[in-house]
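One structure below.
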There are 2 protein chains.
Amino acid sequence: MAKVAKTLKEKTDVAQVSDATLYSFVGYHMKRSFNVVQADLARTLRPFKLRMTTYTALLLIVENPGMRQVQLANAMDVERPNLVVIIDELESRELITRDQVPNDRRAYALKATLAGRRLCDKAVKAVKMHENKLFSDWDEETKETVIRALGLIHRRKGEV
Amino acid sequence: MAKVAKTLKEKTDVAQVSDATLYSFVGYHMKRSFNVVQADLARTLRPFKLRMTTYTALLLIVENPGMRQVQLANAMDVERPNLVVIIDELESRELITRDQVPNDRRAYALKATLAGRRLCDKAVKAVKMHENKLFSDWDEETKETVIRALGLIHRRKGEV
DNA sequence: CATCATTATTATAGCACATAACATTTTTCA
DNA sequence: TGAAAAATGTTATGTGCTATAATAATGATG
C-alpha cells in the first residue's frame, strides 16, 4: 500500500504524515478501533438483514420477554424516539410483537416471535464468530483488562 | 398488533433487564464507552466551534503543513469526499489555506493559518483535560494495555 | 378532581461515513 | 509521442446512529 519514490517536492508536500499527537489520545484509539469493529459487525449482520441497533434490540427482547420500550431504551442507552423505528422494523418483519400490558394501556410488552428467536440465535452465533476472529490476538488477561477499563468509562455516563 | 393480554403480570413486564449476553461481547463495551467519550469530546470542542472530524483534520494539518487532501484522508481513514466539506469549513473560517502545489495542479497543499494554529493549541489543551478527567481512574498499566490492545484491532483494518 | 408524571410517538435535525460519477491533471508505457 | 491508466479533488446522494422538541394518551398523586 505504501507508495514510495517521490520526486522532489518540498515545502508543499509531506513525505510522511505525523499523527503522533492524535494517537497520544486514548479516545482516538477507541474511535479508530471501534470503526473497524463496527464495520465488520455490519458485514456480519448483513445476511440477517439486521443492523447494529436492530440486532441489539432483538437480543434484549429475546432475553427479556415482556419488557417495555422505555426499559429497552434505558438498556440500550438511546432516546425513546430512536427506538420507535427500530421496534417498527422488527415488528413489521414479524420478529417481535407489541402486546398490550394489562394494567397500563400506555405501554407495550415486547416479545420475540419464534422466528425472532431463531434469527437471534443465528445472529448471535455469527457475532460470536466475528468477535473470535477480531479479538483473536488478545489473551484472556488483556481482554479482561480492556473490558474492566471500558466499563469504568461507560458507567460514568452523566457524571462527567 | 395488539394481542390478548396475559393474565400473569410477570409475563408482560420485566422487573430487571438482563443484558448479560450483550456485555459478553467486547464490541458492546467498546460501543457504549466510546459513546460516552464522543459525547464528552463534543461538549469539550463546542466552545471552539469544532467537531470531532474538524478538530482531527485541523490538528493533522497543523502538524503536517503542506499535506494534501488525499494524505489527510488516509491519515483520518475516511473517504475523500467526506473530507471536502471538512476542509471547506476550516478554510471558510480562515483556519487553514488551500495553496497550490507547484508541480501538480490537481492537488492542494493544506496549511494552517496563525489563527488555526492558535485555535488548535487551545483545543488540544481542552481535549487533554477532557481525557485526564475521563480516564482518571485508569492506572498507567491499564492505559498501556488498552492502547496496545486497541491498536491491534485498528491495524487489522482490511485484513478481516 | 386537578395536576403532574409516564409512555409512546411524530417530526426534525446533526453528525459521521460510504459509493458512484465526474473533470482535470499527471503518469505510464507500448 | 500518444493513448490508456492512474491520481486528485469535487458533486451528488444515501445510510446509519443519535439527539431534541412537541404531542396524545394514559396513569399516578395529593
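Here is how names work: the chains are called A, B, and so on, in the same order as the sequence lines, proteins then strands, and each is numbered from 1.
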Atom CG in B:L90, atom CD1 in B:I61: separation rounded to 0.5 Å?
6.0 Å

Can you tell me how far the OH atom of B:Y108 sits from the CD1 atom of B:I96, to the nearest 0.5 Å?
11.5 Å

Produce the list of close N/O pairs, under 3.5 Å, pairing protein atoms with atoms of nucleotides 27-30 of chain D; give distances to one decimal.
residue, atom, partner, partner atom, Å
D:dG27, OP1, A:R105, N, 2.9

Please give, in whole Å, the distance from [N] [atom2] to [X] [atom1]?
X: B:N74; N: D:dA7; atom1: CG; atom2: P; result: 11 Å
X: B:I87; N: D:dT11; atom1: CD1; atom2: P; result: 13 Å
X: B:L83; N: D:dT11; atom1: CG; atom2: C1'; result: 15 Å
X: B:D99; N: D:dG9; atom1: CG; atom2: P; result: 13 Å
X: A:R43; N: C:dA18; atom1: CZ; atom2: P; result: 11 Å
X: A:R98; N: C:dA8; atom1: CZ; atom2: P; result: 9 Å
X: A:L110; N: C:dT7; atom1: CG; atom2: P; result: 13 Å
X: A:Y108; N: D:dA24; atom1: OH; atom2: C1'; result: 12 Å

For residues [X] and [Y], report the shortest heavy-atom separation together with the two atoms involved.
X: A:T142; Y: B:R148; result: OG1-NH2, 4.2 Å
X: B:M76; Y: B:T53; result: CE-O, 3.6 Å
X: B:Q69; Y: B:V84; result: NE2-CG2, 4.4 Å
X: B:V101; Y: B:A109; result: CG2-N, 3.6 Å

Contacts of A:V70 and B:R51 projected onto DNA chain C by closest heavy atom; the upstream (5') one is A:V70

Check the pair A:D40 / A:R43 against salt bridge (charged side-chain N to carboxylate O under 4.0 Å, His left out), numbers first and verdict last.
CA-CA 5 Å; A:D40 193 64; A:R43 273 192 298 274; 3.2 Å; yes

Any side-chain N or O of A:Q38 less than 4.0 Å from the OP1 or OP2 oxygen of C:dA16?
no

Name the orientation class of the two ring planes belonging to B:Y23 and A:H154 (parallel below 30°, tilted from 30 to 60°, perpendicular beyond 60°).
parallel

Sort me out a list of protein N/O and nucleotides 18-22 of chain D N/O pairs below 3.5 Å, or just none if empty.
residue, atom, partner, partner atom, Å
D:dT18, OP1, B:K31, NZ, 2.4
D:dT18, OP1, B:N35, ND2, 3.2
D:dA19, N7, A:N82, OD1, 2.8
D:dA19, N7, A:N82, ND2, 3.0
D:dA19, N6, A:N82, OD1, 3.2

Could you check B:D77 against A:N35 for side-chain contact (heavy atoms from CB on, under 4.5 Å), going step by step and ending with a plain yes or no?
CA-CA 10 Å; B:D77 197 22; A:N35 271 8; 5.6 Å; no

